[in-house]
Amino acid sequence: MATPKQWFDGARPRTFPNAIAPVLAGTGAAAWLGDALWWKALLALVVSVSLIVGVNFANDYSDGIRGTDDDRVGPMRLVGSKAASPHSVRNAAFTAFAVAGVSGVVLSLTSAWWLILVGAVCIAGAWFYTGGKNPYGYAGFGEVAVFVFFGLVGVLGTQFVQAGRIDWVGIVSAVAVGSYSSAVLVANNLRDIPSDTESGKTTLAVRLGDKRTRDLHLALVAVPSVLSVVLVIATPWALLGLLAAPLAWRAHAPVRGGAQGPALIPALAQTGLAMVVWALATAVGLAIA
């Protein structure tokens, strides 16, 4: 039976910035429109964190029963390590999805009913990332999904439920957060190229190869700094987002240095940190404006 610490590790806390940053950025974009609402931001955070916990447990379950996690170089996986049964991990995923669903329904009923449909698509996307007969994560579309769900949908959804509309500032912020979020997955999949190739998991990193995957990570962590300059059109305070640039460069260090296997794990954490700092600093700048 897995310990509480193993369950927490199985939820993959290094990915939590992917859930927190969209809500920060979306709330900042709503504040720019003069309509930030703390309780809706909090509910959006519950939805986002629950979704990422759900997708992480679902990924653990699906990869575990396929044998993809049998020879890992990264953090422990519950099913792959046999610390927890597949059934219990699947139930944990469903519980997280249920929390996200209930919170999302409340937000939808106080904003727009059709957001329920968006939430259903998000949950389906989370499950079929590695679940089902033809998981899209095994076909190289994981980074695109992360960009859409934890970038565009996460940021613009948060802005919309608070302000009742979206604007170009929200879209630019969504692209920035989506780029960082995708970069986290790129670093993860770069690390797993050998094991994923052996198990038949054709991620984008496997398709691109080692060198081009490293180049992609650099491009993705550079995009938000460029977009901070674009946001100056809205307010000079948007340049606060450049505070994340040194962190992004540091996050890329193991990648550009040719690190392999576990040596790439710091790149995940540092990319996530840069993402949260960018989102928070930009949100503050937009709120000040």
Less than 3.5 Å apart, any donor N or O on the side chain of R12 or N59 sitting next to an acceptor on the other?
yes
Take I265 and R14, measure what side-chain contact (heavy atoms from CB on, under 4.5 Å) needs, and give me the verdict at the end.
CA-CA 9 Å; I265 293 176; R14 286 190 179 88; 3.6 Å; yes
Donor-acceptor pair, distance only, cut-off 3.5 Å: does the side chain of T110 make one with the backbone of L107?
yes
Out of curiosity, does V223 fall in the hydrophobic cluster containing V229 (side-chain heavy atoms, cut-off under 4.5 Å, transitive links)?
no
Could you go step by step and tell me if R256 and W249 meet the side-chain contact (heavy atoms from CB on, under 4.5 Å) rule?
CA-CA 10 Å; R256 67 176 179 271; W249 184 246; 3.1 Å; yes
Does the R212 side chain pair with the main chain of L208, one donor and one acceptor, at a distance under 3.5 Å?
yes
Interatomic distance, I123 atom CD1 to F97 atom CZ [nearest 0.5 angstrom]
7.0 Å
With the side chain counted from C-beta on, respond yes when F150 and V177 share a heavy-atom pair under 4.5 Å apart, and no when they do not.
no
Are V184 and L227 grouped together when hydrophobic residues (ILVMFWY) are joined by side-chain heavy atoms under 4.5 angstrom apart?
yes
Parallel under 30°, tilted from 30 to 60°, perpendicular over 60°: which one fits the rings of W127 and F94?
tilted
Could you check whether S88 and S85, counting side-chain N and O atoms only, form a donor-acceptor pair closer than 3.5 Å?
yes
Taking every heavy atom of L231 against every heavy atom of A238, the minimum-distance pair comes out as CB-CB, 3.4 Å
Atom pair CH2/OG of W278 and S228 - distance to nearest 0.5 Å:
5.5 Å
Return a table of donor-acceptor pairs under 3.5 angstrom between the side chains of residues 153-176 and protein atoms on other chains or two or more places apart.
residue: T158; atom: OG1; partner: G154; partner atom: O; Å: 2.7
residue: Q159; atom: NE2; partner: A29; partner atom: O; Å: 3.3
residue: Q159; atom: NE2; partner: D167; partner atom: OD1; Å: 2.9
residue: Q162; atom: OE1; partner: L37; partner atom: N; Å: 2.8
residue: Q162; atom: NE2; partner: T27; partner atom: OG1; Å: 3.1
residue: Q162; atom: NE2; partner: T158; partner atom: O; Å: 3.3
residue: D167; atom: OD1; partner: V169; partner atom: N; Å: 3.3
residue: D167; atom: OD1; partner: G170; partner atom: N; Å: 3.0
residue: D167; atom: OD2; partner: W32; partner atom: NE1; Å: 3.1
residue: S173; atom: OG; partner: V169; partner atom: O; Å: 2.9

For A58 and A93, the nearest pair of non-hydrogen atoms, with its separation, is N-CB, 3.6 Å
Single-linkage hydrophobic cluster I116~V118, side-chain heavy atoms < 4.5 angstrom
no
Would you give me the side-chain donor-acceptor pairs under 3.5 Å for residues 46-55, sequence neighbours excluded?
residue: S48; atom: OG; partner: A19; partner atom: O; Å: 2.8
residue: S50; atom: OG; partner: V46; partner atom: O; Å: 2.7

Hey, is CH2 on W38 packed in by over 12 heavy atoms from elsewhere, all under 6.0 Å?
no
Candidates L216, L185, T213, V144 - the one meeting side-chain contact (heavy atoms from CB on, under 4.5 Å) with L204
L216
Which is it for F149 and C122 under the side-chain contact (heavy atoms from CB on, under 4.5 Å) test, yes or no, and what are the steps along the way?
CA-CA 7 Å; F149 292 123; C122 289; 3.7 Å; yes
Measure centre to centre between the rings of Y136 and F128, then say whether the value is under 6.0 Å.
no
Just checking, any donor-acceptor pair under 3.5 angstrom between side chains of N56 and T15?
yes
Any side-chain heavy atom of S111 within less than 4.5 Å of one from K40?
yes
Within the 3.5 Å criterion, strictly below it, is a donor on T130 or D63 matched to an acceptor on the partner's side chain?
no
Within the structure provided, determine whether W237 and I288 are in side-chain contact (heavy-atom separation under 4.5 Å).
yes
Are V121 and L109 in one and the same hydrophobic cluster, where Ile, Leu, Val, Met, Phe, Trp and Tyr link if side-chain heavy atoms are under 4.5 Å apart?
no
Go through the side-chain N and O atoms of R214 and H217 and say whether any donor and acceptor fall under 3.5 Å apart.
no
Kindly indicate whether the side chain of L268, heavy atoms from C-beta on, has any atom under 4.5 Å from the side chain of R191.
yes
So, taking the atom named OG in S181 and the one named CZ in F147, what distance separates them when rounded to the nearest 0.5 Å?
10.0 Å
Between V206 and N189, is there a side-chain heavy-atom distance shorter than 4.5 Å?
no
Donor-acceptor pair, side chain of Q6 and main chain of T3, under 3.5 angstrom:
yes
Please assess T282 against L286 for the test side-chain contact (heavy atoms from CB on, under 4.5 Å), listing each intermediate value before the final yes or no.
CA-CA 6 Å; T282 302; L286 292 173; 4.0 Å; yes
Where P254 and A263 come nearest, the two heavy atoms and their spacing:
CB-O, 3.8 Å
Decide whether L33 and V232 are clustered together by the hydrophobic rule: side chain heavy atoms of Ile, Leu, Val, Met, Phe, Trp, Tyr closer than 4.5 Å, transitively.
no
Sequence neighbours excluded, the answer for salt bridge (charged side-chain N to carboxylate O under 4.0 Å, His left out) partners of K133 is none
Validation row: P13, F8 side chains within 4.5 angstrom (heavy atoms):
yes
Heavy atoms of Y129 and G142 approach each other most closely as CE1-CA, 3.6 Å
Do the ring planes of F57 and W7 sit parallel (below 30°), tilted (30 to 60°) or perpendicular (above 60°)?
perpendicular
I need the H252 NE2 to L220 CG distance, nearest 0.5 Å.
10.5 Å
Look only at the side chain of T271 and the backbone of A251, and say whether a donor-acceptor pair between them is shorter than 3.5 Å.
no
Show the nearest heavy-atom pair for residues Y61 and R90, with the distance to one decimal.
CD1-CB, 3.8 Å
On a heavy-atom basis, which atom in L78 and which in D60 lie closest, and how many Å separate them?
N-OD2, 2.8 Å
dist L43:CG -> S103:OG (nearest 0.5 Å) comes out at 5.5 Å
Between CG on residue L280 and CG on residue L240, distance to nearest 0.5 Å:
9.5 Å
